[in-house]
Protein chains: 4
Amino acid sequence: MRTKTGDKEKDILEAAISVFAENGYHNAKIQKIAILAGVAIGSVYVYYKNKEAIFSKIVERLWTDLYNQLQQIDDRADISTAEKFDALIDVLFDAFFDKPFLARAIISEGSNQIEKDNNAYMEPYRNFMTLGEKIVEDGIKENIFNPNIDIKIVRSFIFGGFRFLLYQWACAPQDSSLSLIRQNVKFFCKKGMLNSNMA
Amino acid sequence: MRTKTGDKEKDILEAAISVFAENGYHNAKIQKIAILAGVAIGSVYVYYKNKEAIFSKIVERLWTDLYNQLQQIDDRADISTAEKFDALIDVLFDAFFDKPFLARAIISEGSNQIEKDNNAYMEPYRNFMTLGEKIVEDGIKENIFNPNIDIKIVRSFIFGGFRFLLYQWACAPQDSSLSLIRQNVKFFCKKGMLNSNMA
Amino acid sequence: MRTKTGDKEKDILEAAISVFAENGYHNAKIQKIAILAGVAIGSVYVYYKNKEAIFSKIVERLWTDLYNQLQQIDDRADISTAEKFDALIDVLFDAFFDKPFLARAIISEGSNQIEKDNNAYMEPYRNFMTLGEKIVEDGIKENIFNPNIDIKIVRSFIFGGFRFLLYQWACAPQDSSLSLIRQNVKFFCKKGMLNSNMA
Amino acid sequence: MRTKTGDKEKDILEAAISVFAENGYHNAKIQKIAILAGVAIGSVYVYYKNKEAIFSKIVERLWTDLYNQLQQIDDRADISTAEKFDALIDVLFDAFFDKPFLARAIISEGSNQIEKDNNAYMEPYRNFMTLGEKIVEDGIKENIFNPNIDIKIVRSFIFGGFRFLLYQWACAPQDSSLSLIRQNVKFFCKKGMLNSNMA
DNA sequence: TATGAATGAGGATTCATTCAT
DNA sequence: TATGAATGAATCCTCATTCAT
């Protein structure tokens with residue numbers, strides 16, 4: 001039989017990331033994905049039920065990966081909660097460090113439905129968020145973080161800010177370095193804007 | 001009795017806000033907008049060149065309004081820069097306080113093109129952002145804000161965070177109060193997460 | 001405004017009859033119908049929700065018409081039940097007398113679902129059948145028809161036979177005259193095949 | 001253990017009957033047939049040229065069988081022509097007696113092309129019909145049947161009626177017993193509807 | 001023979017936009 | 001201005017068939 005040569009499933013996913021990145025979900029054409037992946041249109045449907053399924057898979061894969069990373073970090077007994085929070089930010093940034101296409105694909109239109117829908121593919125995302133909240137909660141218990149902050153709100157604020165910065169960077173990677181952004185985000189989250197040198 | 005002039009244009013815009021909010025840009029049907037506005041499809045095109053122009057107008061009107069408000073605040077000599085920053089956050093929140101539809105319409109898919117394109121209608125948005133940056137810059141000069149933060153990055157971070165919180169709130173207004181969100185954002189921006197009571 | 005010129009709705013229906021007749025339901029292309037009707041593809045969808053709706057309309061119109069005719073016949077007090085049954089056969093034949101396309105469109109594949117589904121558009125058909133059964137029942141009560149026949153079965157047998165003859169004729173109208181067919185059907189239904197001259 | 005040769009071809013055919021029956025020709029998927037037959041898709045094409053060929057084979061097999069049965073009946077010298085006609089009806093009914101799937105498969109959409117095309121696979125069907133006509137002709141010569149009936153027309157009428165009844169029964173076997181139908185068909189064909197008890 | 005991954009032509013339907021009135 | 005019937009390009013997805021193994 002005609003055997004799977006190479007990894008068409010992966011080729012299609014990679015192609016889809018590029019096309020979603022460049023055009024957004026609604027303007028991404030299946031044909032374009034197929035051509036970029038070097039397969040026939042029909043082959044796309046051999047591996048994925050439909051357009052949405054491709055997008056879902058991209059999202060799911062990403063958050064599953066991030067969740068696993070965060071879990072390993074959280075499991076460590078040798079680092080402090082503050083360091084874990086730091087690592088959380090790092091995990092997010094590293095995931096997209098050399099993948100602006102992935103960033104744009106995930107973030108551009110279509111993903112605002114995020115959290116809203118109960119689709120199974122969003123579970124890894126929710127797991128990640130829950131674990132992130134737990135780390136912040138730990139920090140509050142340990143008196144590292146301010147107990148007056150609303151965790152859910154702050155979590156969304158940070159995530160939204162990260163998302164938007166990432167998207168801007170993905171659209172024009174040369175405009176600012178991701179490490180400068182990372183540094184600012186960390187500083188901002190932890191210390192805010194006020195000048196602590198002030199009286 | 002509805003007088004004829006001026007109203008239709010506004011009716012269409014209001015209807016469009018609802019429809020964009022409920023369906024997102026790509027799933028918003030011109031016909032639905034027309035019906036909701038109580039006009040014929042053709043009339044939509046008398047007042048607006050095309051679908052995008054309607055969306056642009058909504059965005060433009062919003063940011064023009066916000067920019068004007070921020071300008072008045074910035075012009076005041078009787079309040080401090082810290083208070084101006086505080087007011088900046090308030091302007092953003094007040095704009096959507098009783099308008100979840102507007103929030104969803106503006107933020108949902110389609111508006112990620114924001115900033116990317118150089119369309120004239122984005123000018124009020126850019127003006128607002130520039131003025132916001134100036135206020136922060138003033139704060140840095142006055143030693144209120146930390147001079148090490150990158151203004152552009154922080155500005156985008158705050159805006160992204162605000163945007164995401166707003167969208168979540170707009171999708172489920174009952175889940176959390178906008179004033180609680182506002183309070184947390186202000187606190188977070190200014191003081192960050194660290195517990196300043198700590199030694 | 002661009003006003004309805006001519007009767008596009010009717011043009012489309014007539015075109016659809018031809019195309020369904022020639023190709024059967026599944027092989028009838030909407031584009032072909034549109035071209036034949038002299039309208040744009042989109043116009044088809046202005047008047048009909050989808051392909052199935054066009055077919056339904058054809059069927060519905062036909063049976064509504066036939067039912068009305070049969071009702072008028074049944075209402076008459078001046079003719080006998082035997083004559084009414086005769087007229088019932090005539091109604092069926094006359095409906096297709098100069099419309100082989102209509103016959104083929106209705107009968108070819110797709111209409112075997114007939115009776116099976118409860119779609120509203122089948123109601124006129126069911127009305128016709130019910131009234132037909134009533135006429136036969138009357139005949140039985142009046143001792144004209146044999147009381148041992150199962151009305152439902154006989155009704156379906158006659159209808160199926162008519163249907164098949166009609167389809168064959170519609171495919172090759174020249175092969176046999178419809179009036180010869182009509183005459184045989186009437187004779188067969190009433191007297192069967194046995195030679196009554198026989199002892 | 002299933003022996004290898006001969007079985008697959010038959011398995012596919014049996015599976016096809018079920019799938020055609022349940023879905024009709026156009027909605028029958030080759031994949032479904034393959035799965036039901038327990039073979040690979042490709043294997044279907046080892047035994048049959050294409051979808052149509054499978055359908056043709058079903059039809060051909062059926063009519064070949066029926067024709068052979070009818071031939072044996074016709075060859076008998078010990079029964080009258082009237083009894084042969086009776087047996088003809090029985091052959092038809094018996095063929096489907098415990099096989100509603102076969103009935104639906106054969107009759108549902110797609111088989112109206114029957115008689116229209118000159119494909120070789122229709123020959124057994126035509127043979128059966130010709131032999132059926134001969135029996136009726138014999139009956140006419142023997143003065144059993146009425147000489148005024150048009151054999152071709154009556155033959156199609158009976159066949160169409162049988163076909164439709166069969167289809168209805170196959171769709172809902174519990175609604176009426178096949179033997180009641182058979183009995184009515186025989187009576188109707190031979191004696192028609194008129195009450196011969198009447199003066 | 002047997003397999004099933006790969007193919008790609010084909011078609012129903014949508015909907016922003018136009019334009020004759 | 002106002003209308004809404006008319007347009008048709010554009011696209012997702014299906015599925016019979018092929019063919020390399």
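Throughout, protein chains are lettered first and strands after them, A, B, ... in sequence-line order, and every chain is numbered starting at 1.
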- [ ] Could you pick out which residue, D:G42 or B:G42, lies toward the 5' side of DNA chain F when each is mapped onto its nearest nucleotide?
- [x] B:G42
TODO: Please report, rounded to the nearest Å, how far the P atom of E:dT13 is from the CD1 atom of C:I12.
DONE: 14 Å
Open item on the list: Would you call the rings of D:H26 and C:H26 parallel, tilted or perpendicular, taking 30° and 60° as the class edges?
Closed with: parallel
TODO: Would you please confirm or rule out a distance under 4.0 Å between OP1 or OP2 of E:dA5 and any side-chain N or O of A:Y47?
DONE: no
TODO: Starting at CD1 of D:I106, measure out to CD1 of D:I58 and round the result to the nearest 0.5 Å.
DONE: 6.0 Å
Task: Position toward the 5' end of DNA chain F (nearest nucleotide), C:A40 or A:I30 - done: C:A40
Open item on the list: For DNA chain F, report each stem as range with range, ordered by first number, or say none. Use Watson-Crick or G-U wobble pairs under 3.5 Å, at least 3 in a row.
Closed with: E:2-21 with F:2-21
- [ ] Find the distance between NZ (C:K10) and CZ (C:R61) and round it off to the nearest 0.5 Å.
- [x] 7.5 Å
- [ ] Find the distance A:D7:CG to E:dA5:P and express it as a whole number of Å.
- [x] 13 Å
- [ ] Mind calculating the distance between CZ (A:F55) and P (F:dC12) to the nearest angstrom?
- [x] 15 Å
Open item on the list: Distance check needed: E:dC15 C1' versus B:N50 CG, whole Å only.
Closed with: 14 Å
TODO: For C:A28, answer base if it contacts any base atom (sugar-phosphate contacts may also be present), sugar-phosphate if it contacts only those atoms, and nothing otherwise; contact means non-hydrogen atoms under 4.0 Å.
DONE: sugar-phosphate
Open item on the list: For B:Q31 and A:V44, find the nucleotide of DNA chain E closest to each by heavy atoms; which residue's nucleotide sits nearer the 5' end?
Closed with: A:V44
Open item on the list: Which residues pass the side chain to side chain donor-acceptor pair (under 3.5 Å) test with B:D65, not counting sequence neighbours?
Closed with: B:Q69
Task: A:G38 or B:K49, whichever maps to the more 5' nucleotide of DNA chain E - done: A:G38
- [ ] State, with a plain yes or no, whether a side-chain heavy atom of D:V39 is found less than 4.5 Å away from one of D:Y47.
- [x] no
Task: Separation of E:dA16 C1' from A:N27 CG (nearest whole Å) - done: 13 Å
Task: Length of the NZ-P vector between A:K51 and F:dT14, whole Å - done: 14 Å
- [ ] Ignoring backbone atoms, establish whether A:K8 has a side-chain N or O less than 4.0 Å from OP1 or OP2 of E:dA5.
- [x] no
TODO: Could you name each residue pair satisfying salt bridge (charged side-chain N to carboxylate O under 4.0 Å, His left out) that touches residues 27-49 of chain B, not counting sequence neighbours?
DONE: none
Task: From E:dT3, E:dA6, F:dC12, nucleotide with atom closest to A:K29 side chain - done: F:dC12
Task: Length of the NE2-C1' vector between D:H26 and E:dG10, whole Å - done: 14 Å
Task: Value in whole Å for how far the P atom of E:dG11 lies from CD of C:E52 - done: 19 Å
TODO: Among the candidates E:dT1, F:dT17, E:dA6, find the nucleotide nearest to the side-chain atoms of D:Y45.
DONE: F:dT17
Open item on the list: Students often mix this up, so state it plainly: with edges at 30° and 60°, are the rings of A:Y25 and A:F20 parallel, tilted or perpendicular?
Closed with: parallel
Task: Euclidean distance, A:I17 CD1 relative to A:I12 CD1, rounded to 0.5 Å - done: 12.5 Å
Open item on the list: Taking any heavy-atom pair under 4.0 Å as a contact, classify C:I41: base, sugar-phosphate, or nothing.
Closed with: base
